[in-house]
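Notes to accompany the following structure.
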2 protein chains.
Amino acid sequence: MLIRSLEIFRAVVDSGSFSAAADRLHTVQSNVTAHIKKLETELGARLLERRNPVVATPAGRQLLHYARRIVELHDDALSRFQPGGEPLGELRLGSMETSAAVHLPPLLTDFSQRWPQLSVHLHTGTTGELIEEVRTGQLDAAFVVAENAGDDLALRPVFHERLVLVSGRPLKSFPGRAELARTPFLAFRPGCGYRTTIEVLLADMKVAAPRIHEFGSLDAIVGCVGAGMGLALLPASTVRQYRRRFDLHTLALPGDRGKVTTVIATLQRPSWSRALEVFMEGVPSPDRAETPIRDAG
Amino acid sequence: MLIRSLEIFRAVVDSGSFSAAADRLHTVQSNVTAHIKKLETELGARLLERRNPVVATPAGRQLLHYARRIVELHDDALSRFQPGGEPLGELRLGSMETSAAVHLPPLLTDFSQRWPQLSVHLHTGTTGELIEEVRTGQLDAAFVVAENAGDDLALRPVFHERLVLVSGRPLKSFPGRAELARTPFLAFRPGCGYRTTIEVLLADMKVAAPRIHEFGSLDAIVGCVGAGMGLALLPASTVRQYRRRFDLHTLALPGDRGKVTTVIATLQRPSWSRALEVFMEGVPSPDRAETPIRDAG
DNA sequence: CTTAAAAAATCATTTCTAGTGATACCAGTG
DNA sequence: CACTGGTATCACTAGAAATGATTTTTTAAG
């Protein structure tokens with residue numbers, strides 16, 4: 001069994017396809033097939049279901065567990081011998097689209113310059129999906145909105161955010177219950193931390209049957225809100241970014257309602273890879289003072 | 001970096017020589033040299049000092065840490081896919097010579113039949129040496145006489161023993177202080193659990209300047225005691241084994257003096273290899289009732 | 001049911017490289 | 001000094017990883 005085979009195996013499972021894995025590892029698809037096949041005959045078990053996407057069999061999941069740990073140890077070992085002990089390998093991050101658009105770019109730019117030997121993979125998804133991917137080891141860390149996620153995960157605050165009500169038309173005062181019942185909300189699919197906030201908010205205001213449209217992308221939401229389709233609840237910083245492209249109007253939520261904290265979810269520390277270790281060192285602590293909000297009309 | 005290279009590297013460090021490692025791994029010395037050389041150029045650091053015995057450089061020790069873990073994970077992964085989930089790889093045990101001669105043979109015979117895919121390495125040494133080798137990961141487990149060994153190690157009782165005074169001539173009653181001061185004791189080098197017992201015993205009896213001869217092997221000790229060179233303090237079960245070959249006379253120690261408990265020292269459980277896991281399952285609990293002693297004259 | 005597109009398997013070929021055995025080299029030791 | 005017990009070097013071979021072209025299979029759409 002070669003480390004290389006395990007690396008390829010992991011890439012196939014993570015990317016869901018033989019050819020995608022081949023691209024990521026800068027080799028050819030037939031080579032990926034050969035490695036997987038060799039593993040399968042060596043272990044005497046089918047490891048992958050050739051579907052679309054490719055999925056690990058029960059036996060495959062068992063191997064995956066070892067593959068991840070071995071490949072990670074291998075990367076860490078190599079890291080130790082790089083000039084300056086530079087970490088090496090890949091860092092697999094997850095993030096909600098909102099964080100991805102606003103907070104992550106500076107962080108990741110800085111990070112990838114500081115550690116040129118690390119390749120960063122960023123995957124977006126909802127809080128629920130990401131947490132699960134961290135738990136299974138598919139991701140090293142994920143930026144999510146959550147307050148607790150079980151004992152096996154560690155959550156570290158990174159950004160304090162303020163959610164604001166976003167509309168395509170000027171907002172004079174906070175809409176009443178009746179108006180909220182009429183106006184649709186545009187949000188991500190269930191499992192997104194922000195969406196949860198919307199639902200809680202509407203429930204608290206006793207809005208009977210709120211209409212919530214589900215969109216798969218942040219751009220779509222912002223575009224449609226700008227076009228007057230409805231309201232959205234988004235981080236102030238995100239909205240600010242879109243101001244140049246769309247005519248957006250925001251209104252702070254009453255009281256502390258809008259306060260959310262983005263955290264980094266990881267497995268408990270002892271199992272961190274060198275890559276994750278240095279990443280976490282480089283992540284700044286959240287400013288106590290919140291980002292000031294201009295309630296532009 | 002190949003798992004195979006790490007396996008070879010580990011074997012060289014553990015065996016202290018390129019050629020010995022080659023033998024153990026059923027390959028040739030030039031191949032060992034090639035693998036080590038490749039690792040060294042790949043990592044850009046000298047890993048081994050070519051002395052006699054070969055010893056790891058600081059860089060080598062760093063790699064060793066990873067090598068051990070990766071090879072162990074590899075073996076465990078393969079184990080999962082063996083028919084019946086049989087563990088596979090090697091189990092590295094340490095033991096004092098006395099245990100090795102008496103208690104281990106049945107245990108190991110049984111074990112090696114039960115798990116035909118595991119190769120057992122048994123290395124003898126003193127309690128102190130063995131404990132240290134378990135701590136550094138050179139051994140998976142060691143049979144020693146100790147009561148505590150630090151938080152990082154786990155100790156599990158396996159045999160209750162009784163040390164007896166052994167002589168080449170009939171012993172009527174327990175020798176007095178004066179006689180003990182005249183008669184030399186034959187013992188292992190410092191660090192052996194039994195030797196410690198002798199020293200404590202003599203100190204308690206206020207024997208002024210006891211003469212203790214150091215011998216490197218159990219056979220030598222027993223042989224010389226049989227020839228009347230002096231006294232020894234050995235487990236009753238060990239002496240029993242030698243009765244056929246030598247004319248030995250034993251006497252129990254007064255009170256509870258002679259009671260010793262052999263324990264298995266391992267690292268704390270979470271880091272056990274599959275091989276160690278099944279070994280520990282198969283080790284019987286110590287009989288509460290002690291092995292009966294015939295005080296043959 | 002048919003078809004087109006995407007993905008995985010197969011295959012012939014090339015390029016490396018792990019493993020081998022013979023030999024050269026380099027201590028220490030009597 | 002030669003001898004012993006080790007490591008390095010070398011030429012060679014068998015086997016395997018990687019490649020690119022091609023065929024087969026799967027999936028989704030018409």
Side-chain angles (χ1 to χ4, degrees), chain A residues 1-57 59-61 63-64 67 70-71 74-75 77-78 216, chain B residues 1-57 59-60 63-64 67 70-71 74-75 78 89 119 216:
Chain A
M1 189 189 297
L2 299 180
I3 295 181
R4 174 70 172 162
S5 303
L6 297 176
E7 188 184 3
I8 289 177
F9 176 67
R10 184 184 73 160
V12 171
V13 176
D14 286 357
S15 70
S17 125
F18 281 47
S19 16
D23 288 348
R24 271 190 33 183
L25 298 179
H26 307 109
T27 181
V28 295
Q29 170 260 323
S30 60
N31 191 28
V32 172
T33 299
H35 271 278
I36 300 297
K37 204 170 173 186
K38 186 152 189 234
L39 278 178
E40 289 184 325
T41 59
E42 186 177 354
L43 299 178
R46 172 150 272 237
L47 299 172
L48 297 171
E49 288 293 348
R50 273 69 161 181
R51 302 231 196 81
N52 201 348
V54 172
V55 59
T57 63
R61 284 196 295 278
L63 181 65
L64 188 59
I70 289 176
V71 172
H74 173 246
D75 287 346
L78 287 186
Chain B
M1 191 190 295
L2 300 180
I3 295 180
R4 175 69 172 162
S5 302
L6 297 176
E7 187 184 1
I8 288 178
F9 175 68
R10 184 183 74 160
V12 170
V13 176
D14 286 357
S15 70
S17 127
F18 282 46
S19 14
D23 288 349
R24 269 189 37 180
L25 299 179
H26 308 108
T27 180
V28 295
Q29 170 260 323
S30 63
N31 191 27
V32 172
T33 300
H35 271 278
I36 300 296
K37 203 170 173 187
K38 187 154 189 230
L39 278 178
E40 289 184 325
T41 60
E42 185 177 353
L43 299 178
R46 175 150 270 240
L47 299 172
L48 297 171
E49 289 292 347
R50 273 67 163 183
R51 303 228 200 83
N52 202 345
V54 172
V55 57
T57 63
L63 181 65
L64 187 59
I70 289 176
V71 172
H74 173 245
D75 286 347
L78 287 187
S119 74

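Numbers restart at 1 for each chain; the letters A, B, ... are given by sequence-line order, proteins then strands.
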Sugar-phosphate only, base, or nothing, as touched by A:Val54 at under 4.0 Å among non-hydrogen atoms: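 If one applies the 4.0 Å heavy-atom cut-off, A:Val54 turns out to touch the sugar-phosphate alone, with no base involved.
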
Under 3.5 Å, which protein N or O atoms sit close to an N or O of nucleotides 15-22 of chain D? Give each pair with its distance.
unit_1: D:dA17; atom_1: OP1; unit_2: A:Lys38; atom_2: NZ; d: 3.0
unit_1: D:dA18; atom_1: OP2; unit_2: A:Asn31; atom_2: OD1; d: 3.1
unit_1: D:dA18; atom_1: OP2; unit_2: A:Asn31; atom_2: ND2; d: 2.9
unit_1: D:dA18; atom_1: OP2; unit_2: A:His35; atom_2: NE2; d: 2.4
unit_1: D:dA18; atom_1: O5'; unit_2: A:Asn31; atom_2: ND2; d: 3.3
unit_1: D:dT19; atom_1: OP2; unit_2: A:Thr27; atom_2: OG1; d: 2.6
unit_1: D:dG20; atom_1: O6; unit_2: A:Ser30; atom_2: OG; d: 2.9

Donor-acceptor pair, side chain of A:Thr57 and main chain of A:Arg46, under 3.5 angstrom: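 Checked: pair present.
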
Less than 4.5 Å apart, side chain to side chain, heavy atoms only: is that true for [X] and [Y]?
X       : Y       : value
A:Val55 : A:Leu48 : no
A:Leu78 : B:Leu43 : yes
A:Leu6  : A:His74 : no

Looking at every heavy atom in both [X] and [Y], which two are closest together, and how far apart are they?
X       : Y       : answer
A:Ser15 : A:Ala21 : OG-N, 3.5 Å
B:Ala67 : B:Phe9  : CB-CD2, 4.2 Å
B:Val54 : B:Ser17 : CG2-CA, 4.0 Å
B:Ile8  : B:His35 : CD1-CD2, 3.3 Å
B:Arg10 : B:Leu64 : CA-CD1, 4.2 Å
A:Glu40 : A:Leu47 : OE2-N, 2.8 Å

Base-paired stems that DNA chain C participates in, counting runs of 3 or more Watson-Crick or G-U pairs under 3.5 Å: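 Consecutive-pair runs (3 or more) involving DNA chain C: C:1-30 with D:1-30.
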
Grab the [atom1]-[atom2] distance between [X] and [N] for me, whole Å please.
X       : N      : atom1 : atom2 : answer
B:Leu48 : D:dG6  : CG    : P     : 16 Å
B:Glu40 : D:dA8  : CD    : P     : 8 Å
A:Arg51 : D:dT26 : CZ    : P     : 12 Å

Short side-chain N/O contact from B:Arg50 to OP1 or OP2 of D:dA8, under 4.0 Å: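 True: B:Arg50 side-chain N/O within range (under 4.0 Å) of D:dA8 OP1/OP2.
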
NZ/NE/NH1/NH2 to OD/OE distance under 4.0 Å, B:Arg4 and B:Glu7: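 Yes, B:Arg4 and B:Glu7 are salt-bridged.
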
Contact interval (first through last nucleotide) of DNA chain C with protein chain B, 4.0 Å heavy-atom: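 Endpoints of the contacted stretch of DNA chain C: C:dA18 to C:dG21.
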
